Enquirer: 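Take a look at this one; I'll ask things after.
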Amino acid sequence: MYRYTICFLKHRNGILMLNRNKSPLMGLWNGVGGKLEHGETPLDSVLREIREETGILLETAYYKGIVSWLVDGSQAGGMYAFLADLPEDFERSQTPQLVEEGILDWKELAWILDPNNAGVPENLPMFLPYMLEEADPCQHLFTYENNQIVNYETAPLPKPVTTGS
Ligand SMILES: Nc1nc2c([nH]c(=O)n2[C@H]2C[C@H](O)[C@@H](COP(=O)(O)OP(=O)(O)OP(=O)(O)O)O2)c(=O)[nH]1
């Protein structure tokens with residue numbers, strides 16, 4: 001079981017991003033999410049974080065896989081990633097601008113995905129494009145050494161076993 005969740009709340013060409021006011025990733029624009037609480041499924045957890053951090057009430061979100069990391073050969077962690085498509089007529093101005101965890105704002109996809117954008121976590125422009133495509137959930141594994149990404153691998157997650165038709 002991994003410890004974190006993240007969700008990309010998409011509306012047209014924008015995503016609702018949080019500029020975090022504490023570590024990890026302080027000062028960077030990231031998707032909304034947090035830590036799993038005892039007994040929560042990843043989906044329950046991310047829907048709770050979305051509600052708490054943005055006030056948006058969602059019934060569900062698309063599961064997009066796992067982003068995990070290995071830091072200096074040992075420290076490992078990961079997050080369950082989700083995507084939600086908000087309806088066309090969603091009013092962006094209804095989301096709060098200042099929340100307990102930082103500043104919320106709508107950021108355009110072209111800005112988020114720019115590989116030279118120093119305002120987002122370094123791994124975000126690498127894994128997010130996969131999640132925006134209609135692809136099956138993947139595992140994205142990042143290896144860090146001295147705060148630098150030295151390796152990135154992506155692999156499909158095994159499909160749940162079914163009994164066939
Ligand atoms: N894009 C990206 N996001 C990451 C990485 N590592 C990582 O923890 N995150 C995300 C997962 C979570 O959404 C968020 C960290 O959540 P958090 O520690 O603030 O959790 P929380 O809000 O529940 O915190 P707390 O109040 O319980 O302390 O950062 C990463 O390498 N890249």
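We count ligands from 1, going down the list as the structure has it; atoms in each ligand are counted the same way. All figures in this text were calculated on a predicted structure; none of them were measured in a lab.
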Enquirer: With heavy-atom distances below 4.0 Å as the criterion, list the atoms of ligand 1 near K22.
Expert: 19 (O), 24 (O), 25 (P), 26 (O), 28 (O)

Enquirer: Of the side chain and backbone of E49, name the one, both, or neither that has a heavy atom under 4.0 Å from an atom of ligand 1.
Expert: side chain

Enquirer: What protein heavy atom sits nearest atom 30 (C) of ligand 1, and how far away is it?
Expert: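 Nearest protein contact, heavy atoms only, for atom 30 (C) of ligand 1 is N123 ND2, 3.5 Å.
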
Enquirer: Identify the closest protein heavy atom to atom 2 (C) of ligand 1: which residue and atom is it, and at what distance?
Expert: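 Result for atom 2 (C) of ligand 1: M79 CE, 3.4 Å.
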
Enquirer: Salt bridge check: are K35 and E49 linked by an N-O gap of less than 4.0 Å?
Expert: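 No salt bridge links K35 with E49.
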
Enquirer: Checking Y144 against N123: is there a side-chain donor and acceptor pair closer than 3.5 Å?
Expert: yes

Enquirer: Specify the protein heavy atom at minimum distance from atom 5 (C) of ligand 1: its residue, its atom name, and the distance to 0.1 Å.
Expert: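 Sorting protein heavy atoms by distance from atom 5 (C) of ligand 1 puts L25 CD1, 3.6 Å first.
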
Enquirer: For the backbone of M17 and the side chain of W106, can you confirm whether one donor and one acceptor N or O come within less than 3.5 Å of each other?
Expert: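 Pair absent, no side-chain N/O of W106 close to backbone of M17.
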
Enquirer: Could R92 and E108 be called an ion pair, given the rule that one side-chain N must be under 4.0 Å from one carboxylate O?
Expert: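 Here R92 pairs with E108 in a salt bridge, since their nearest N and O are under 4.0 Å apart.
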
Enquirer: Mind checking whether V120 has a heavy atom under 4.0 Å from ligand 1?
Expert: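 The answer is no: ligand 1 sits nowhere under 4.0 Å from a heavy atom of V120.
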
Enquirer: Before accepting this row, confirm whether a basic side-chain N of the pair E88/R12 lies closer than 4.0 Å to the acidic partner's carboxylate O.
Expert: yes

Enquirer: Give a yes/no on ligand 1: does E122 have at least one heavy atom closer than 4.0 angstrom to it?
Expert: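 No, that is not the case, since the closest heavy atom of the residue is not under 4.0 Å from the ligand.
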
Enquirer: Check each atom of ligand 1 against the heavy atoms of N30 and keep those under 4.0 Å away; list them by number with element.
Expert: 1 (N), 2 (C), 3 (N), 4 (C), 10 (C), 29 (O)

Enquirer: What is the nearest protein non-hydrogen atom to atom 23 (O) of ligand 1, stated with its residue, atom name and distance?
Expert: K35 N, 2.9 Å

Enquirer: Starting from atom 12 (C) of ligand 1, what is the nearest protein heavy atom, named by residue and atom, and what distance separates them?
Expert: T5 O, 3.5 Å

Enquirer: Start with the C-alpha distance between R48 and E37, add both sets of side-chain angles, then the distance that settles side-chain contact (heavy atoms from CB on, under 4.5 Å), and finish with yes or no.
Expert: CA-CA 10 Å; R48 173 184 54 73; E37 288 178 2; 3.6 Å; yes

Enquirer: For the residue pair Y2 and Y80, is the inter-centroid distance of their aromatic rings smaller than 6.0 Å?
Expert: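 Yes, ring centres under 6.0 Å apart.
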
Enquirer: Is it the case that the side chains of S68 and Q139 hold a donor-acceptor pair, with the cut-off being a distance below 3.5 Å and no angle test?
Expert: yes

Enquirer: Considering non-hydrogen atoms of the protein only, which is the closest contact for atom 6 (N) of ligand 1, and what is the distance?
Expert: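 The closest one turns out to be W69 CH2, 3.2 Å.
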
Enquirer: Looking only at protein heavy atoms, which one is nearest to atom 17 (P) of ligand 1, and what is the separation?
Expert: R20 NH2, 3.7 Å

